[in-house]
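Only a predicted model underlies this, so the values are computations on that prediction, with no experimental measurement involved. By convention here, the first residue in the shown sequence is residue 1.
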Amino acid sequence: MNTLYAFYDGECGLCSAGRNWLSNQPQLVPIHFLPYQSEEARQLCPELPNLNPDREIVVLSDGGEIYQGDAAWITLLWATAHWRSIAIDLSKPGWRGMARKVIEAISENRLSLSKWLGMRRAPRGDAI
């Protein structure tokens with residue numbers, strides 16, 4: 001795995017903040033972030049609309065593997081220098097269920113959380 005493509009909700013402040021945070025982490029595997037609403041995202045991953053990216057983040061590897069939800073977040077953390085060991089721990093059976101529940105709760109409530117936290121997207125999808 002040499003490159004990851006993360007398809008996030010460019011209309012969501014919390015999603016944009018997550019993208020900004022991950023973009024600023026030292027990466028062992030380069031991560032390219034694309035709003036799932038973009039034409040570039042649809043060209044790169046034609047099946048993207050069928051994966052419900054409006055419900056949870058979708059990650060595509062350069063090898064064609066697709067990760068969603070908690071698997072996507074664990075993969076993205078694994079791609080970073082500082083968070084790789086945490087990602088490995090989160091992927092273990094004892095932690096995976098907890099990670100899944102936390103990610104699902106955040107995903108299901110991301111728009112409300114964005115509003116509550118005062119996060120809104122900027123014209124380029126950056127959270128402000």
Colleague: Who pairs with Asp89 by side chain to side chain donor-acceptor pair (under 3.5 Å), at least two apart in sequence or on another chain?
Modeller: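 Asp89 satisfies side chain to side chain donor-acceptor pair (under 3.5 Å) with Lys92 once adjacent residues are dropped.
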Colleague: Who pairs with Trp78 by ring-ring contact (aromatic ring centres under 6.0 Å, His included), at least two apart in sequence or on another chain?
Modeller: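 With sequence neighbours excluded, Trp78 shows a ring-ring contact (aromatic ring centres under 6.0 Å, His included) to no residue whatsoever.
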Colleague: From Glu56 CD over to Trp73 CH2, what is the distance, rounded to the nearest 0.5 angstrom?
Modeller: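 The CD atom of Glu56 sits 12.0 Å away from the CH2 atom of Trp73.
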Colleague: Give me the atom names and distance for the closest heavy-atom approach of Ser16 to Gly10.
Modeller: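 Taking every non-hydrogen atom into account, OG-O, 4.0 Å.
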Colleague: Please identify each residue that fulfils side chain to side chain donor-acceptor pair (under 3.5 Å) with Gln27, with sequence neighbours left out.
Modeller: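 For Gln27, no residue satisfies side chain to side chain donor-acceptor pair (under 3.5 Å) once neighbours in sequence are set aside.
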Colleague: Mind jotting down which residue pairs meet the salt bridge (Lys or Arg N to Asp or Glu O under 4.0 Å) criterion with at least one end in residues 40-53? Sequence neighbours excluded, please.
Modeller: Glu39-Arg42
Colleague: Mind checking ring-ring contact (aromatic ring centres under 6.0 Å, His included) for His32 and listing every partner two or more places apart, or none if nothing turns up?
Modeller: Tyr5
Colleague: Can you tell me which residue pairs pass the salt bridge (Lys or Arg N to Asp or Glu O under 4.0 Å) test with a partner in residues 64-77, sequence neighbours excluded?
Modeller: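 Those involving residues 64-77 are Asp70-Arg96, Asp70-Arg100.
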Colleague: Would you kindly confirm whether Leu28 and Ile31 end up in one hydrophobic cluster when ILVMFWY residues are joined by side chain heavy atoms under 4.5 Å apart?
Modeller: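 Different clusters: Leu28 never reaches Ile31 through Ile, Leu, Val, Met, Phe, Trp or Tyr contacts under 4.5 Å.
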Colleague: Mind checking what makes side chain to side chain contact (heavy atoms under 4.5 Å, CB included) contact with Pro26, not counting sequence neighbours?
Modeller: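 For Pro26, the residues satisfying side chain to side chain contact (heavy atoms under 4.5 Å, CB included) (neighbours in sequence not counted) are Ala81, His82.
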Colleague: To the nearest 0.5 Å, what is the distance between CZ on Phe33 and SG on Cys15?
Modeller: 11.5 Å
Colleague: Output the distance between atom CD (Glu11) and atom CG (Asp54), rounded to the nearest 0.5 Å.
Modeller: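 Between atom CD of Glu11 and atom CG of Asp54 there are 12.0 Å.
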Colleague: Between atom CD1 of Ile88 and atom CD1 of Ile74, what is the distance when rounded to the nearest 0.5 Å?
Modeller: 11.0 Å
Colleague: To the nearest 0.5 Å, what is the distance between CG (Leu60) and OG1 (Thr3)?
Modeller: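 So the CG of Leu60 and the OG1 of Thr3 are separated by 10.0 Å.
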Colleague: Can you tell me which residue pairs pass the ring pair (Phe, Tyr, Trp, His ring centres under 6.0 Å) test with a partner in residues 10-30, sequence neighbours excluded?
Modeller: Trp21-Trp83
Colleague: To the nearest 0.5 Å, how far apart are CG in Leu90 and OG in Ser85?
Modeller: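 These two atoms lie 9.5 Å from each other.
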Colleague: So Arg84 and Val29, do their side chains get closer than 4.5 Å, heavy atoms only?
Modeller: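 Side chain of Val29 against side chain of Arg84, heavy atoms only: contact under 4.5 Å found.
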Colleague: Applying side chain to side chain contact (heavy atoms under 4.5 Å, CB included), can you list everything that pairs with Ala41, at least two apart in sequence or on another chain?
Modeller: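 Only Phe7, Leu34, Ser38, Leu48 meet the side chain to side chain contact (heavy atoms under 4.5 Å, CB included) criterion with Ala41.
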